[in-house]
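Input: a single structure, listed below in structure tokens.
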Amino acid sequence: MIFVKVCGITNLDDALDAVEFGADAVGFNFYKDSPRYIDPERVLEILEDLPPAVAKVGVFVNEKEEAVKGISQFLSLDFLQFHGDETPYYCEQFATPYWKAFRLKDEQTLELIGKYKPDAFLIDAYVQKMWGGTGVTAHWDLAARVKEKGRIILAGGLRPENVEMAIATVKPYGIDVCSGVEEKPGRKDHYKLEEFLRKAKGATT
């Protein structure tokens, strides 16, 4: 069964619903310019009510190394997700496993991907000057080719209406949803979230 992460969690209700509906991981955005930013202290409160089996993912964009280390240790994060221009050296200096996000634009992006050795490649859509959560669908054909370099988590414009086709087309290790199950940035639509997870978990890879 496919691995599913629900990202952009900002409140306990959304986190609990994500877990109840079958999410394997929840993501917290520590990029302060994001409308989904959440303070680490607030995340700690949310985690107190979540089962330990659910993976905790911290999302960072060109953050200072000290801040990443501090937040990761404070929250005992399971994965670090780097969504900016972080170099391979930067990503590999932390004790916590990492996912490297790539906004697939063209063939040149595929060449860059090969320089990294993450736990998984997170494949997102390319939107100029935006680091994710755009609702734009990723380039599925290019995404499928990334599997030659390692396992992938597909993101970018996934919604209840297209998640089954995305899984069937790309056959990723996992999927990552954010804006496609929101009623507004930082607040999930619980009907969409339940529908998305039902379809994703029932999809054939």
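Note: hydrogens, waters and symmetry copies are ignored here, and every other heavy atom, side chains too, is used.
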Worksheet item: Do the side chains of Pro88 and Lys117 get nearer than 4.5 Å, heavy atoms only?
Response: no

Discussion item. Would you say that Lys149 contacts Phe121 through its side chain, given a criterion of any heavy-atom pair below 4.5 Å between the two side chains?
Written reply: yes

Worksheet item: Going only through I, L, V, M, F, W and Y residues with side-chain contacts under 4.5 Å, is there a path from Phe3 to Val181?
Response: no

Discussion item. Set out, in order, the CA-CA distance, both residues' side-chain angles and the distance that settles side chain to side chain contact (heavy atoms under 4.5 Å, CB included) for Leu122 and Gln81, then state yes or no.
Written reply: CA-CA 8 Å; Leu122 190 136; Gln81 179 178 319; 3.6 Å; yes

Discussion item. Can you tell me how the ring of Phe82 sits relative to the ring of Phe60, calling it parallel under 30°, perpendicular over 60° and tilted otherwise?
Written reply: tilted

Worksheet item: Does Ile71 share a hydrophobic cluster with Val57, counting links as ILVMFWY side-chain heavy atoms below 4.5 Å and allowing steps through other members?
Response: no

Discussion item. If you compare all heavy atoms of Leu197 against all heavy atoms of Ala18, which two are closest, and at what distance to 0.1 Å?
Written reply: CD1-O, 3.8 Å

Item to complete: Taking the side chain as every heavy atom from C-beta outward, state whether Tyr173 and Ile152 have any atom pair closer than 4.5 Å.
Response: no

Worksheet item: Are any of the side-chain heavy atoms of Phe28 and Arg36 separated by less than 4.5 Å?
Response: no

Fill in: Test side chain to side chain contact (heavy atoms under 4.5 Å, CB included) applied to His190 and Asp13, step by step
CA-CA 9 Å; His190 293 196; Asp13 286 345; 4.2 Å; yes

Worksheet, complete the sentence: What one should report as the nearest heavy-atom pair of Ile123 and Ala143 is CG2-CB, 3.7 Å

Worksheet item: So, Asp24 and Lys201, do they make that salt bridge, N to O below 4.0 Å?
Response: yes

Discussion item. Working to the nearest 0.5 angstrom, can you tell me the gap between Cys7 SG and Lys188 NZ?
Written reply: 7.0 Å

Discussion item. Does this structure show an ion pair linking Lys192 with Glu182, if we count only N-O contacts that are shorter than 4.0 Å?
Written reply: no

Worksheet entry | Main-chain N/O of Val170 paired with Lys147 side-chain donor or acceptor, under 3.5 Å | yes

Worksheet entry | Verdict with supporting geometry, Ser72 and Lys56, side chain to side chain contact (heavy atoms under 4.5 Å, CB included) | CA-CA 10 Å; Ser72 178; Lys56 309 177 292 293; over 6 Å; no

Worksheet, complete the sentence: The reported gap from OH in Tyr90 to CG in Asn62 (rounded to nearest 0.5 angstrom) is 7.5 Å

Discussion item. If I take atom CD from residue Glu195 and atom OH from residue Tyr191, how far apart are they, to the nearest 0.5 angstrom?
Written reply: 4.5 Å

Practice prompt. May I ask you to check whether Tyr37 and Phe30 place their ring centres under 6.0 Å from each other?
Written response: no

Item to complete: Check the hydrophobic clustering (I, L, V, M, F, W, Y; side-chain heavy atoms under 4.5 Å; chains of links allowed) and say if Leu12 and Val6 are grouped together.
Response: yes

Fill in: Nearest atoms (heavy-atom pairs only) where Gly186 meets Asn11
O-ND2, 3.6 Å

Worksheet item: How far apart are the closest heavy atoms of Asp14 and Leu193, and which atoms are they?
Response: O-CD2, 4.2 Å

Worksheet item: Between Val59 and Phe79, is there a shared hydrophobic cluster once you connect ILVMFWY residues whose side-chain heavy atoms come closer than 4.5 Å?
Response: no

Fill in: Pairwise side-chain contact, Val19 with Pro51, heavy-atom cut-off 4.5 Å (strictly under)
yes

Item to complete: Measure from NZ or CZ of Lys100 to the centre of the six-membered ring of Tyr116 and say whether it is under 6.0 Å with the direction within 45° of the ring axis.
Response: yes

Response to the item:
When rounded to the nearest 0.5 Å, the distance separating CD1 of Ile153 from CG of Asp124 is 12.0 Å

Worksheet item: Rounded to the nearest 0.5 Å, what separation is found between the CG atom of Asp49 and the CG atom of Leu16?
Response: 6.0 Å

Practice prompt. Report yes if some heavy atom in the side chain of Arg42 is under 4.5 Å from a heavy atom in the side chain of Thr10; otherwise report no.
Written response: no

Worksheet item: Distance from Leu154 atom CG to Asp176 atom CG, nearest 0.5 Å?
Response: 9.0 Å

Discussion item. What verdict does the side chain to side chain contact (heavy atoms under 4.5 Å, CB included) test give for Ile46 and Ile38, after you've listed the backbone C-alpha separation in whole Å, the side-chain angles of each residue and the deciding distance to 0.1 Å?
Written reply: CA-CA 11 Å; Ile46 293 173; Ile38 184 169; 3.8 Å; yes

Worksheet item: Do the charged groups of Arg159 and Glu161 touch, with an N to O distance under 4.0 Å?
Response: yes

Response to the item:
Between Val26 and Ile9, the two heavy atoms sitting closest are CB-CG1, 4.1 Å

Worksheet item: Got Lys69 and Thr96 here, is their nearest side-chain heavy-atom distance under 4.5 Å?
Response: no

Fill in: Which atom of Trp99 lies closest to which atom of Asp119, heavy atoms considered
NE1-OD2, 3.6 Å

Item to complete: Measure the shortest side-chain to side-chain distance between Phe196 and Ile175 over non-hydrogen atoms and say whether it is less than 4.5 angstrom.
Response: yes

